[in-house]
Structures are given as C-alpha cells and as structure tokens.
Amino acid sequence: MQILKDRIVRDGRVAPGGVLKVDSFLNHQIDIELYNEIGKEFKRIFSDIPVTKILTIEASGIGIACIAAQYFKVPVIFAKKAKTKNIDGSVFTSKVESFTHGKTYDIMVSAKFISPDDKILIIDDFLANGKAVLGLLDIVKSAGAEATGVGIVIEKGFQEGGKMIRELGINLHSLAIINEMDDEGNITFGN
Ligand code: 5GP
C-alpha cells in the first residue's frame with residue numbers, strides 16, 4: 001500500500017532493538033484519513049472471504065479494526081490484556097509474549113462473543129515475532145471458530161512471525177512489509 005509506505009518513510013523513526021516508531025500517525029496520534037484508507041484496503045484484499053467478526057488485541061489494534069469493520073459491516077471484538085478476572089462468565093484465554101515490553105501476559109475474550117460458526121478476520125498494527133497473532137489464533141481455535149484471514153498494517157519481514165504464520169497455512173496479508181531498517185533510518189520494503 002503505497003501511501004502507507006510513503007508515510008512510514010516520511011514519519012517513521014527507527015528505534016534501537018528493531019522497533020519502528022509510528023506514533024505520530026498510527027498508534028498514538030492517529031491519522032484518521034490514513035486509517036480509513038487502511039480499512040478500505042483490508043476490505044479490498046479480503047473481499048472474497050467470509051468474515052462475520054473482526055478480532056484484534058488492545059490497545060493499538062482497536063482503532064484500525066473499528067475503521068475496517070465499517071467496510072465489512074461486522075462487529076469488532078478486542079482481546080483484553082488480562083489484569084483482573086473482571087469479566088463475566090466463561091472466557092477464552094491465551095498467553096502472549098510481548099515483543100515491545102518483553103513480558104508474557106494473558107489475553108482473554110468472553111466466550112459469549114465467539115461461536116463455532118464465526119468466520120474471524122484478525123487485524124493488528126504490527127507483526128514481529130508473531131506471538132500476538134498466535135495468541136489470537138489460539139482463542140479462535142478454542143472457540144471452535146475459523147480464522148479466515150489475518151490482516152496486518154506493518155509486518156517486519158526480518159523477524160520470524162510472517163514466515164511462521166504463513167507456514168501454518170493462514171491467509172495472511174500485510175499492507176507494508178519491511179525487509180530491512182537501519183539506525184540511520186533507511187527502510188527497505190519487501191512488497
Ligand atoms: P509480535 O507478537 O508479532 O512479536 O508483536 C506484535 C505486537 O508488538 C504488536 O501488537 C505491536 O503492538 C507490537 N510491536 C511489535 N513490533 C513493533 C514495532 O516495531 N513498533 C511498534 N510500535 N510496535 C511493535
């Protein structure tokens with residue numbers, strides 16, 4: 001997605017440890033026009049697969065998933081990063097090792113929001129080592145539902161997540177794949 005890649009080059013900042021900061025337009029301050037184009041692009045890419053719900057993870061995935069959902073006309077569910085058991089009834093849970101914070105945390109979705117006949121499109125802002133997506137896939141599996149697609153805004157192709165998720169046979173599409181980035185801020189895309 002060219003406008004996204006242009007924006008990453010213009011406003012993205014490479015931080016130590018292979019972290020790309022895009023907080024001026026994607027995940028802190030938000031450029032809603034760009035989000036809207038991202039939502040449309042996900043709808044174009046996933047137009048021929050069944051989607052009954054979009055699943056994401058708090059916090060950065062929520063806004064992107066909501067704008068995309070307006071094009072799919074389906075509800076959004078976000079997995080909560082569990083600090084308390086303050087959620088009614090039974091839940092599907094999984095564990096996620098955080099790339100940016102280096103900790104493992106539990107995620108949960110109330111069992112009443114995913115049923116076996118659901119066709120789930122997973123959406124997130126970044127794909128790095130793939131742990132967040134694996135956790136979401138695990139929740140979909142626990143519910144007996146089907147993950148029909150995974151849509152990622154920025155995939156860091158130099159980390160293992162994309163390869164691993166594709167090898168599982170998952171229908172994964174990323175709007176921008178970064179093959180290389182260096183401390184001088186040079187970014188090379190793979191798509
Ligand atoms: P993974 O689970 O694939 O290793 O990492 C994905 C999650 O880590 C995303 O939900 C995202 O919030 C965060 N993340 C991973 N890499 C980056 C990065 O380079 N920049 C930012 N801002 N977040 C990242």
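Each ligand, and each atom within it, is numbered from 1 in the order the structure gives. Side chains are part of it too, since the values below use all heavy atoms of this structure and drop only hydrogens, waters and symmetry mates.
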Member of Leu172, Leu168, Ile123, Val150 meeting the side-chain contact (heavy atoms from CB on, under 4.5 Å) criterion with Val133: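 The residue from Leu172, Leu168, Ile123, Val150 that satisfies side-chain contact (heavy atoms from CB on, under 4.5 Å) with Val133 turns out to be Val150.
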Which protein residues have a heavy atom under 4.0 Å from ligand 1?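 Near ligand 1, by chain and number: Gly18, Val19, Leu20, Asn27, Phe99, Thr100, Asp124, Asp125, Phe126, Leu127, Ala128, Asn129, Gly130, Lys131, Ala132, Lys156.
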To which residues is Val19 joined in a hydrophobic cluster, defined by side-chain heavy-atom contacts under 4.5 Å among Ile, Leu, Val, Met, Phe, Trp and Tyr, whether direct or through other members?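 Members alongside Val19: Phe99.
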More than 12 heavy atoms of other residues, nucleotides or ligands under 6.0 Å from CD of Glu33: yes or no?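 At most 12 heavy atoms, drawn from other residues, nucleotides or ligands, come within 6.0 Å of this atom.
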Please list, chain by chain and in numerical order, all residues satisfying side-chain contact (heavy atoms from CB on, under 4.5 Å) with Glu184, sequence neighbours excluded.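 For Glu184 the side-chain contact (heavy atoms from CB on, under 4.5 Å) partners, ignoring immediate neighbours, are Asp182, Asn186.
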Do Asn179 and Thr188 get their side chains close enough for a donor-acceptor pair, meaning under 3.5 Å?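 No, because no side-chain N or O of Asn179 sits under 3.5 Å from a partner of the opposite role on Thr188.
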Name all residues meeting the side chain to side chain donor-acceptor pair (under 3.5 Å) criterion together with Tyr105; count only those two or more places apart in sequence or in a different chain, and write none if there are none.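 Per chain and number, Tyr105 pairs via side chain to side chain donor-acceptor pair (under 3.5 Å) with no residue.
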